[in-house]
Each structure stands twice: as C-alpha cells, then as structure tokens.
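We name chains A, B, ... by the order of the sequence lines, and we start the count at 1 in each one.
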Number of protein chains: 2
Amino acid sequence: MTLTTAEENYLKAIYHLSDGGTKSVSTNDVAAEIKTKAASVSDMLRKLGEKEVIEYRKYYGVNITEEGKKRALQTIRKHRLWEVFLVDKLQFAWDEVHEVAEELEHIQSPLLIQRLDEFLNYPKFDPHGDPIPDEFGDVRARPRVALIEMDINQTGQIVAVKDSSAAFLKYLDKVGAYIGARIKVLDKVEFDGSMEILVDQKKTLFMSKDVAANILAIQS
Amino acid sequence: MTLTTAEENYLKAIYHLSDGGTKSVSTNDVAAEIKTKAASVSDMLRKLGEKEVIEYRKYYGVNITEEGKKRALQTIRKHRLWEVFLVDKLQFAWDEVHEVAEELEHIQSPLLIQRLDEFLNYPKFDPHGDPIPDEFGDVRARPRVALIEMDINQTGQIVAVKDSSAAFLKYLDKVGAYIGARIKVLDKVEFDGSMEILVDQKKTLFMSKDVAANILAIQS
DNA sequence: TCATATTTTTAGTCACACCTAAAACTATAA
DNA sequence: TTATAGTTTTAGGTGTGACTAAAAATATGA
C-alpha cells in the first residue's frame with residue numbers, strides 16, 4: 001500500500017501534532033498545520049482511516065496507528081537525511097534547507113536513501129539537532145532541556161530549537177549561536193529571567209527568557 | 001509561468017522526439033513516448049500551446065518554441081546532473097539511475113541545482129555520455145574521434161561513419177553496431193591494428209583497423 | 001474520385017486534492 | 001436545560017491529468 005505525497009504530508013503532520021503518537025489530534029489542528037481547510041482535512045482523514053494508518057472517529061479526532069507511525073518516521077528520516085546532505089555537502093545555511101527537504105522527502109527509492117545515509121556517514125542528528133530515525137524507525141533520543149532550565153555555571157551543548165522559524169534561526173545565526181555550540185551559563189537575572197551565556201569559551205551572549213526557552217541543550 | 005511535473009515531462013518528450021526542436025512531432029509519437037493515450041496528449045498539447053512553449057496546429061503535430069526549448073533543456077540539465085550525483089557520489093550503477101533521476105529532476109530549487117553543479121565540479125557529461133546543458137541551455141558538443149584513435153578501456157558512443165556506403169552500413173548492422181551504440185574499447189591488437197569492442201555493455205565485437213578507422217565516436 | 005484506413009480530436013468520466021457554503025454535531029455557560 | 005458558540009462533516013464544485021468511446025479530420029489506394 002503506497003501513500004501519495006499529500007497523504008505522506010498529512011501523516012507527518014499528525015505524527016508531529018500527536019507528539020509521536022501519544023495524543024489525539026483534532027481536525028482543526030491538522031488544518032492549521034497543513035495550512036488547508038477543515039473540510040479538506042475531513043476528506044483526507046477518511047481516506048487515511050481506510051488505509052489504516054490512522055484511527056478515525058468522526059468528531060473525535062484521530063490517533064495514529066503503529067503502521068502510520070512507521071510510515072511517518074520513514075518520511076521524517078528522509079527529510080532529515082536530505083537536510084544533512086544540503087548543509088554538509090551543498091553548503092546550504094541551516095535556515096535554507098526546510099522547503100527543499102520538504103520536496104526531496106517524497107522521492108520514492110529505498111536504495112537512494114540507503115546510499116545517501118551511507119554517503120553522509122550514518123548521521124544521527126539533522127542540522128537542527130533533531131534525531132534521524134533509523135530504517136526501522138528507531139530514534140536515538142538524547143535528553144534535552146530548555147536553556148532556561150539550566151543552572152548558573154552549568155555547561156552543555158546546543159542541540160535543537162523549539163521554534164525553528166526562519167526568523168528565529170536567522171536571529172540565532174546573527175548573535176553567533178548555532179546547533180553544536182558549547183555553552184556555559186554565566187548568569188541568570190532573576191528580575192526578567194534573561195540569561196548570560198558563554199559560547200565556545202569566547203563569546204558572551206545576552207538573551208531574553210523567551211529566547212532561552214526556545215533553545216534546547218544537552219548538559220555535560 | 002511555471003510548469004507542472006506532467007507538463008515538464010511532455011515538454012522533455014517533445015524536445016527529444018523533435019531532435020532538439022528541428023522536427024515536428026505527432027500526437028501519437030508523444031503518446032507512445034509518454035506511455036499514455038492520444039486523447040490525453042491532445043488535451044495536454046492544447047494547454048502547452050496556451051502556455052506558448054509549443055506551437056500547436058490541430059491535426060498537424062507540434063513544434064517546440066524557443067521558450068519551450070529553454071525549459072526542456074533546464075529539465076534535461078537537472079536530470080543529468082542528478083545522474084552524475086547518483087553514479088559518482090552514491091555508487092549507483094549506470095542502469096539504475098534513470099527512474100530516480102526522473103523524480104529528482106522535478107525538484108524546484110535553482111539554488112539546489114547551482115550548488116549540486118558546483119559539488120559535482122561542473123560536469124559536462126552524464127554517466128551515459130550525454131552532454132549536460134549549462135544554466136543558459138547551451139550544450140558543449142563533443143569532438144568526434146575515429147574509433148581507432150581511442151585507447152583501451154575508454155568508453156564512448158558511436159555517432160557517425162566516414163564511409164556511409166550501403167555495404168559498410170550493412171556490415172555494421174550485421175555485426176550489431178549502430179549509430180548511438182555505447183561502446184568500450186576492450187583491446188587493441190598491435191600486430192594488425194584490430195580492435196575488440198564491447199557494445200551496449202553486453203556484446204563483444206572484433207573489427208579490423210579499416211573498419212575501426214571508418215567509425216566516429218564521442219568519448220565519455 | 002471516392003471508399004476506407006489511420007490519426008487526431010471531442011465528449012463525457014473518474015480519482016485526487018483542494019475549495020465554499022451549509023448542515024450536523026459537540027462543548028459551554030447562563 | 002437550553003441557547004449559542006465552536007468544531008467538524010457533508011454536499012456540491014473546481015482544476016489537473018488520466019481514461020474510453022465516438023466523431024471528425026486527414027491520408028491512402030483502387
């Protein structure tokens with residue numbers, strides 16, 4: 001059973017909205033994510049239900065099935081591998097890759113993905129720090145905390161952002177933060193929750209609590 | 001004005017069937033090439049005519065316009081660059097690349113193609129020896145050499161004969177050589193100048209130096 | 001020239017993925 | 001509990017790109 005490009009996109013959206021299949025997702029939520037109308041979503045949910053990649057109860061939202069989860073993870077794997085390719089091999093900036101990867105992820109060729117994975121040396125994380133599922137859909141999770149949760153003098157490494165909008169990525173780039181940067185919390189201002197961060201042992205960065213809440217790090 | 005994937009495929013087919021825009025192409029020929037029915041082709045030709053990438057006179061076939069030629073060459077450029085990528089970087093065999101490249105060629109991102117071209121070191125020919133148009137649609141024609149001038153292990157494609165007498169053409173036909181055949185020089189016998197040639201990756205051919213001097217090839 | 005064969009176009013359908021408008025259902029709060 | 005607000009579905013329609021069947025145009029040959 002094959003899925004069309006549109007169906008793959010719906011399934012991926014449902015997977016993300018359901019936090020990896022742990023929550024129900026409403027029709028309206030899917031419509032907002034896909035940027036389409038609720039009426040179109042109803043149609044599609046009926047179809048995805050028939051294909052048994054979701055469980056669909058009218059008026060009560062959807063849950064993704066095991067098969068659906070597997071399919072969604074395959075698409076996510078392809079998306080993230082292509083992102084690594086674009087950044088590592090074609091010198092794309094990390095905020096330029098999403099749209100292109102969105103197209104590339106629908107190319108149908110298991111051999112292509114296998115060889116691409118090999119060519120990229122089996123990367124485990126994409127340029128945004130998100131984990132790349134293996135061919136069986138298994139993900140190597142890394143415990144991540146929002147930067148704002150870290151204590152003074154703690155060290156770590158930036159691994160991801162919550163809000164990956166182009167605007168936010170551009171901002172990070174401008175101030176000199178990036179996925180992979182080694183960081184140390186120099187100060188937390190109690191008054192407004194803002195933080196002072198040392199980046200790569202040399203650059204000091206001031207950020208509001210809103211920014212610090214959007215940056216995810218692993219602690220070391 | 002943008003073209004859909006289907007429209008790009010039609011345009012590419014028309015470009016090839018018309019020998020680069022030098023001949024008219026019939027509805028049935030297009031149908032055979034695209035593997036669809038003549039009725040579907042009629043519909044599409046009307047649409048491509050409206051978009052002015054072909055000139056369409058009902059019942060009299062189509063001619064590709066300058067704009068159409070440019071569009072077709074862009075698609076061909078993308079197809080061939082992806083083929084180079086698949087073979088050179090992902091270790092695909094030459095006969096495994098076509099279907100995947102057929103999908104990849106429709107990805108819409110000028111930056112992607114520019115960077116891919118750079119990454120591949122601006123290749124001029126694809127793995128089948130076909131020339132890769134530059135971003136303006138210009139193609140570098142390849143100098144022809146007599147087969148006898150080629151070295152052992154060199155690959156290429158037969159493009160013409162010097163002596164085009166019926167007798168010689170008949171002889172070529174009989175032994176299985178033809179204009180367009182992919183060849184590889186397996187051996188050159190010093191004693192009498194005769195050659196051993198692999199045709200289309202499967203057939204081995206022995207020919208005298210007189211025959212080899214009469215066949216023109218491009219090298220790949 | 002005229003009947004016939006071949007090619008091509010038109011007419012009418014279908015599936016897909018979207019839309020708007022309206023109806024149906026669920027949730028909420030007085 | 002009942003009116004109403006919000007959500008979701010249904011009904012009906014659109015454009016794309018395919019299809020079949022039938023009509024129309026062109027080509028061919030006695």
Distance below 4.0 Å between A/S40 side-chain N/O and C/dC18 OP1 or OP2: no
Of C/dT20, C/dT8, D/dT20, the nucleotide closest to the side chain of B/Y59 is C/dT8
May I ask you to say what A/T36 touches in the nucleic acid, namely base, sugar-phosphate or nothing, with a heavy-atom cut-off under 4.0 Å? sugar-phosphate
Checking A/K51 now: which residues fulfil side-chain hydrogen bond (donor to acceptor under 3.5 Å, both in side chains) with it, not counting sequence neighbours? A/E7
What's the shortest heavy-atom distance between A/P123 and A/L120, and which atoms? CD-O, 3.6 Å
Residues from residues 1-14 of chain A sitting under 4.0 Å of DNA chain D, heavy atoms only? none
What does A/T27 touch in the nucleic acid at a heavy-atom separation under 4.0 angstrom: a base, only the sugar-phosphate, or nothing? sugar-phosphate
Hey, does the side chain of A/S26 come within less than 4.0 Å of D/dT7's phosphate (OP1/OP2), counting only N and O? no
Are OP1 or OP2 of C/dT20 and a side-chain N or O of A/K37 less than 4.0 angstrom apart? yes
Which one of A/V25, A/V41, A/L17 satisfies the side-chain contact (heavy atoms from CB on, under 4.5 Å) criterion with A/E33? A/L17
Which of D/dA18, D/dT9, C/dT10 is nearest the side chain of B/M44? It is D/dA18
Establish, with yes or no, whether the OP1 or OP2 oxygen of C/dT6 is under 4.0 angstrom from a side-chain nitrogen or oxygen of B/N28. no
Could you work out, with side-chain hydrogen bond (donor to acceptor under 3.5 Å, both in side chains) as the rule, every residue matching B/Q114, not counting sequence neighbours? none
